[in-house]
Amino acid sequence: MSKKRKQRAGPKRSASPATAGPDLAEGARQDLASGRYREAIAGFKILLKQDGAEQWRDGLAAAYAGRARQLMEKGLLKEARAIWENRAQLGEAVTVDPDHAAVLLQLGEVETVMRLYRDRAAELPAEVAAELRSHLAAHLLAGDLDAVGQLPPDDPLRVQRATAEAALAAYCTGDDQALASALRALPFRSPYRDLVQILKALQRLSSEPQEAGALLARCSRSGGFAGLRRAAELALVPESALADGLKDAGEATRRFALALRGWGEERQALWLEQRKLGAEPAPQALLRQMYRHRERLGEEWVRERGMRLLIEDFPQSGDWPRRCGGEPLSIAERYRVNAWAAERRGDPDDSLTAWIGYAQLLKSDPDAQRPGGDQAVRVALVLRRCDDRMDLLGRAAGNGDRHGLAGTAAEFVEESLAYDPDDPASYRRLIGYYLGEQALKDARRLVEQALARWPQDLGLLTAALDTALATGAFKKATGIARRILALDPINAGARERLVNAHLAHARKQIRGGRQDLAGRELECATDWAREEGLRERCELTRAFLTLSEAPQVGREHVRELGEQLGGGIAGAFRIALEASALGQDAASLVKSLRLIRRRVAREDLLSFLQHLRTHLDDAGQVSREVGAVFEKKLKAAAAVQLSFQEAHAACETLRRAELDEARAAFAKAALKRWQGAPIFELHAFEATYRGDYRRVSVPALERLDRAIERAHAEGDRRTLVRLEALLREADGFAFGPPPMEWRDDAEDEFPGRDELRVLINLLGPAKVLEQLGVSAKERKRFKQLEREVGTEALIDALAAMLEETLHDVGPPMDFPFPLRPRPEKSPAKKSSQDKEAPDDPNAPRQLDLF
Amino acid sequence: MTDPYLVLGIPRDADDEAVHRAYLEGIKQAPPERDPERFQALRAAYEALRTRRDRLAYALFDDSPPTPMEVLDRGAPAGPSRRPERSLFDALLRGKA
C-alpha cells in the first residue's frame, strides 16, 4: 500500500468550502492532508478557477489521486477511473500516476495503457516509468499475449517475459531446479524483478521464514506485484495475527495465503463459518458451532472444552449443552464449572467452599480410596487448589489465626496428604505455615513424616532445620545442617543457620552455667564460619563466654571487641544484642563499657542503621530492652547531616524497629531541611502519634493533607498511598467512632486484663495515670518503678491493679478516655476543686492503686 | 491457554514419555529462532502436561475457554504448506485482491 493510501480520513467537514481567501486555501490544504479528498477537490477547484495558479492545480491533482485510491481500495474501479481521468485532464504538466494505469489494466483497457507506455514512458520520471513497467509486467505474465505482441521486440517487458513465465511455471509445478535457472536468467533491473524476490521468498517460507520476510520486504508496495507480495506476507504472519490479517483480504489473497499455510478446503470452509460468528464469538455461539461439528471434533473434546464456555454465565449457562443438542451437565461437571466460576469472581471464601464441595463429591468414588491412584490424586489436587492458587499458607505469615481461611486451607492440605502422600511441596508448605503459627508440634510431626519419605530433599531438610531451631533443639539442628551441607556444600544459607544454631546452643549453655559445653559449641560454630560476619558473631559470643568465666578479663575483651566492631553506637548495638540474647542486662553492660561517645559521628550512625537493618531482616524485631538503650542517643543523632535518601532510609529502619521517638526526631530534622517533603511528613506524623489519633490536632491533619497534595503533584505514588491510608485512619479516629461508654448495667462487661494492657500500651503508662487523676508525686513514683522493673512489667502491674479496682469500685466516669484530652490541671488546683465540690458526680475518681 | 494436547499433537491419555517425545519433536520443527510464537506455545503445553499430576491438574483447573482457532485446529488441522495454483497467481497479477 502506498504512503498516499495510508492517509486516514479525518473528521468530516462540510463539503461546501469557504468561498474565497486564505481560509479557503488553508482549508483545502488541511482537507488534503487529512484525507478528506472530496472536500479538498471542491476547495482546489474553486481556487484554480479564481487564479489558475500552478499550486492549486497540483493540489487538485493530489486530491484527485487520493480520492481515486480510496475508490480503488473499495473495489469501485470505474468510479476510480473517472477520477483518474479528471486528473489527467488537468494537463500534461501533471505527471502520469502508475495507479491510473493499474485501474485501466484491471478494467481491461490494455490498449490505453500500452499507448501511454509507448508514447510517454521515455519522458516520465524514472521511478514512475519503472512502476508503470511493473504493472504491465504483471499483466503480461497473467496471460495477455496480445499485448505482448504490441511491444517492440527489444523491449525488456517482451524479452524477459518468457523467462519470468518459465520461473512461475516451474514454481507451480515444483521444479526447483528449473526455477533456480530461470530466476538466475532474469537481470537485476528487470521489470519482473519483484517476481524474482517473491518466488525466492515462497521457496523459503517454511524453512527460513525470516529470510523470506526480508525478500518480500524488498518488493515494491505499489507496483504490479504488490498484490502477490501481500498474499505471500499473509502466509508468514504468526497464528495469533492471522485472523486480523484475513479480515480485509479478498478471496484470491486468502486462498493463496492459506494454501501456503497448509489450510485444506475443509479448514477454510470451517473458518468461513466461524467468521460469520464475528471476531470474538459469543460463548454460546461458539459452543453451538462446536456441538454442530461434534462428530468431527470428538464428543468428549466438545464436552470437556465446551464446559469452559459456560463459566462467565454460570449457572444460567448450565442448560446450554442440552440446548445445543448435547447431554445435560452431570453433577460433577456442575461442581467443576461452579468452582471455576467462583475463582473468576475472586472471593477466596466462595472459591474454597466450591472446591471443597467438589472434593467431597470426588471422595465418594471408591477409586479415591486408593492413595496415589488417579482419582485419589484428583481429590488431593482439589483439596490443595485454593492454597496453590492464592498462596494462603505462604501469606498467612504467622498471623495467628488458625481458624481463618489459611487455617482452613491448612486442614485441607493436610487432608490431601492422605490421598496423595507423594508430594513434598505440600509438606514444605505446611511445615512453613506451622512454623509461622508457632504450631511447633505440628511442624515437627510433618517434618518427621516427610523426612522418612524423602531423607535427602534439601527443601525438607531446610524446613527440618528451621523447625529444630524454632523448638530449641540445637543439637538436632546442627545434625540436620550437616546433612544439608553434605548434600550441598556451597549452601551458604545452611552454613549460616548451622553457625547460628551452634551459637544459640552455646548461649543456652552459658545461661545454664555449662561454660565447658558452651566452649565446645563455639569451636564448632567457628569451624563452620567462613564469612567475616559469621566469624564476628562467634567472636562476640566467645567474649561473653569469657565474661561469664572471668568478669574483669571478659569485660575488657567485650570492650575491645566493641571497638573492633566500629565502637560507638554501632559497636554497642552488636554487644547489646548479644547481651540480650544471653539474658543479660544490655543497658548496664553498654553503659559500663563506655563505648558510646558523647556525639554520634555520621559514619557511626550509618553503620548502626546498617546493623539494625541486618538484625531486623534476620530477627524481624528489636527487643524493647535493646531499643531503649539507644533511643535517647538516636534522638540526639538526628542532628547529623544526612542526604535525603539516607534520612529516608533511617526513618524506615527506625519504623521497622519501632523506635518511634527517634524516628520522629529524624523526620522533624529532615523536614527542617526539606520542608513539607511528603515522606518525612508521613514519618513525623506516624511516629509522633503512634496510632493514638485521639490527640491529633487539626493543624497536624492539615499538614498531612498538604503532604498528600504534594506527593500527588510529585507523582510519588507509594508515599501518596501511605499518606492517604494514614489520613483515613487518623481522620476517622479523631472524628469518627465515639469513645467507649460504660453502662450501669454492664457490670460483668468490664474490660479484661488483656484489653487494659492494650489500652495502657496505646496511651503509655504516664498518660493513663494522668487520666486517672493520679497526682504528680505518685506519677513520679510510677516512673521510678518503670525504670526499675521495665515498661512491660509496669504495664502488666497497672493492668492487674486496674482490673481489680474496676471490679471493686466500678470505672471512673470518663474511663477509658475522652476523645480529646482535657486541659491539664495542676494538682493543687484539682485538689482545691475536690474540696469545693466533693459531691460533684462528674469528678474523676482517684483510684487507690497502692 | 490453547489446548496443550492439540499443541503437542498427542491424545488425552498420553503418558510422560509421549509428552516428552512430542515436545522434542515440536521444538525440532519450530526452534525459537525460527518460530518463537510456536516455540512458546510448545513450551507452555509441555509445562502443563509434563507429569501425571500436571495432566490431572490441567484437566481439573484449566478454565481457559476454547478459541475459534483451537476449534479449527481440532476439526481440520492444517497440513503441510502447499504451492498455490497458477490461477491464483494470475488473479493476483491481474490486480484481484
Side-chain angles (χ1 to χ4, degrees), chain A residues 75 102 105-106 138-139 141-143 168-169 171-172 174 205-206 209-210 224-225 227-228 231 238-240 243 249-250 252-253 255-256 259-264 266-267 270-271 274 277 281 283 286 289-290 293 296-298 301 305-306 308-309 311 336 340 343-344 374 377-378 381-382 385, chain B residues 1-7 11-13 15 29-31 33-41 51-97:
Chain A
L105 288 172
Q106 283 183 56
H139 184 80
L141 200 57
L168 187 52
Y171 172 77
C172 289
L205 274 184
S206 306
Q210 282 175 342
F225 297 92
L228 206 51
E239 201 78 18
S240 56
T253 306
R255 290 175 66 83
F256 187 94
L260 287 167
R261 297 181 78 104
W263 287 38
E266 268 193 352
R267 188 174 169 94
L270 195 57
W271 177 79
Q274 272 183 354
L277 304 178
L286 188 59
Q289 194 204 29
M290 286 165 63
H293 294 282
R296 189 196 296 182
L297 294 166
W301 188 86
R305 298 295 292 147
R308 274 80 174 170
L309 292 167
I311 301 170
R336 196 141 53 106
W340 290 333
E343 278 191 353
R344 293 259 178 106
D374 278 1
V377 172
R378 279 189 195 99
L381 290 169
V382 170
R385 172 63 178 172
Chain B
M1 70 182 299
T2 305
D3 183 349
Y5 290 97
L6 273 182
V7 174
R12 313 300 274 193
D13 59 355
D15 60 10
Q29 303 290 327
E33 64 280 4
R34 187 193 298 167
D35 191 346
E37 193 172 319
R38 170 95 181 127
F39 177 80
Q40 282 302 326
T51 64
R52 179 178 68 121
R53 195 177 269 109
D54 291 335
R55 293 190 289 280
L56 290 171
Y58 169 77
L60 285 166
F61 306 128
D62 179 77
D63 65 351
S64 50
T67 60
M69 195 54 86
E70 191 182 323
V71 175
L72 216 54
D73 285 341
R74 173 79 186 176
S81 174
R82 287 182 292 118
R83 299 192 178 202
E85 292 164 10
R86 175 62 195 256
S87 58
L88 285 173
F89 273 98
D90 290 345
L92 291 168
L93 290 171
R94 279 197 203 99
K96 296 238 176 350

For the residue pair Thr253(A) and Ala97(B), what are the closest heavy atoms and their distance? OG1-C, 2.9 Å

Which of the residues Gly95(B), Pro80(B), Ala78(B), Gly79(B) is involved in the greatest number of heavy-atom pairs with chain A at under 4.5 angstrom? Ala78(B)

Whether over 12 other heavy atoms sit under 6.0 Å from Glu37(B) CD: yes

Select, from Ser64(B), Ala91(B), Ala57(B), the one with the greatest count of heavy-atom pairs under 4.5 Å involving chain A. Ser64(B)

Pairs meeting criterion ring pair (Phe, Tyr, Trp, His ring centres under 6.0 Å) with involvement of residues 60-82 of chain B, two or more places apart: Trp355(A)-Phe61(B)

If only atom types and distance count, is the side chain of Arg308(A) paired as donor or acceptor with the main-chain N or O of Asp62(B) below 3.5 Å? yes

What part of Arg38(B) is in contact with chain A, defined as an atom under 4.5 angstrom from a non-hydrogen atom: side chain, backbone, both or neither? neither

Locate the shortest heavy-atom distance separating Leu92(B) from Gly227(A); write the atom from each residue and the value. CD2-O, 4.1 Å

Name the region of Ala102(A), side chain, backbone, both or neither, that has any atom closer than 4.5 Å to a heavy atom of chain B. neither

Pick from Ala169(A), Gly174(A), Ala249(A) with the largest number of heavy-atom pairs that fall under 4.5 Å of chain B: Gly174(A)

Chain B shares the most heavy-atom pairs under 4.5 Å, among Ala138(A), Ala243(A), Gly143(A), Gly298(A), with Ala138(A)

Side chain from CB out, backbone as N, CA, C, O: work out which of these in Gln274(A) comes under 4.5 Å of a heavy atom of chain B, or both, or neither. side chain

Non-hydrogen atoms of chain B under 4.5 Å away: do they reach the side chain of Gln210(A), the backbone, both or neither? side chain

At a 4.5 Å cut-off on heavy atoms, which part of Leu105(A) comes close to chain B: side chain, backbone, both, or neither? neither

Please set out all donor-acceptor pairs under 3.5 angstrom arising from side-chain atoms of residues 65-75 of chain B, sequence neighbours excluded.
residue: Thr67(B); atom: OG1; partner: Glu70(B); partner atom: N; Å: 3.1
residue: Glu70(B); atom: OE1; partner: Arg305(A); partner atom: NH2; Å: 3.2
residue: Glu70(B); atom: OE2; partner: Arg305(A); partner atom: NE; Å: 2.7
residue: Glu70(B); atom: OE2; partner: Arg305(A); partner atom: NH2; Å: 2.9
residue: Asp73(B); atom: OD1; partner: Arg267(A); partner atom: NH1; Å: 2.9
residue: Asp73(B); atom: OD1; partner: Arg267(A); partner atom: NH2; Å: 2.8
residue: Arg74(B); atom: NE; partner: Leu297(A); partner atom: O; Å: 2.6
residue: Arg74(B); atom: NH2; partner: Leu297(A); partner atom: O; Å: 3.1

What part of Asp35(B) gets closer than 4.5 Å to chain A, counting heavy atoms only: side chain, backbone, both or neither? neither

Checking heavy atoms, do the side chain of Leu260(A), its backbone, both or neither come under 4.5 Å from chain B? both

Are any of the side-chain heavy atoms of Tyr171(A) and Phe89(B) separated by less than 4.5 Å? yes

Check Asp63(B) against Arg344(A) and note the closest heavy-atom contact, atom names and distance. O-NH2, 2.9 Å

Heavy-atom distance under 4.5 Å between the side chains of Arg34(B) and Pro209(A), does that happen here? yes

Max heavy-atom pairs within cutoff under 4.5 Å with chain B, candidates Leu277(A), Leu270(A), Leu205(A), goes to Leu270(A)

When rounded to the nearest 0.5 angstrom, what is the spacing between CG in Leu60(B) and CH2 in Trp340(A)? 8.5 Å

For chain B, which of Arg296(A), His293(A), Glu343(A), Arg261(A) has the most heavy-atom pairs under 4.5 Å? Arg296(A)

What part of Pro281(A) gets closer than 4.5 Å to chain B, counting heavy atoms only: side chain, backbone, both or neither? side chain

Nearest 0.5 Å please: distance from the CG atom of Leu141(A) over to the CG atom of Asp90(B). 7.5 Å

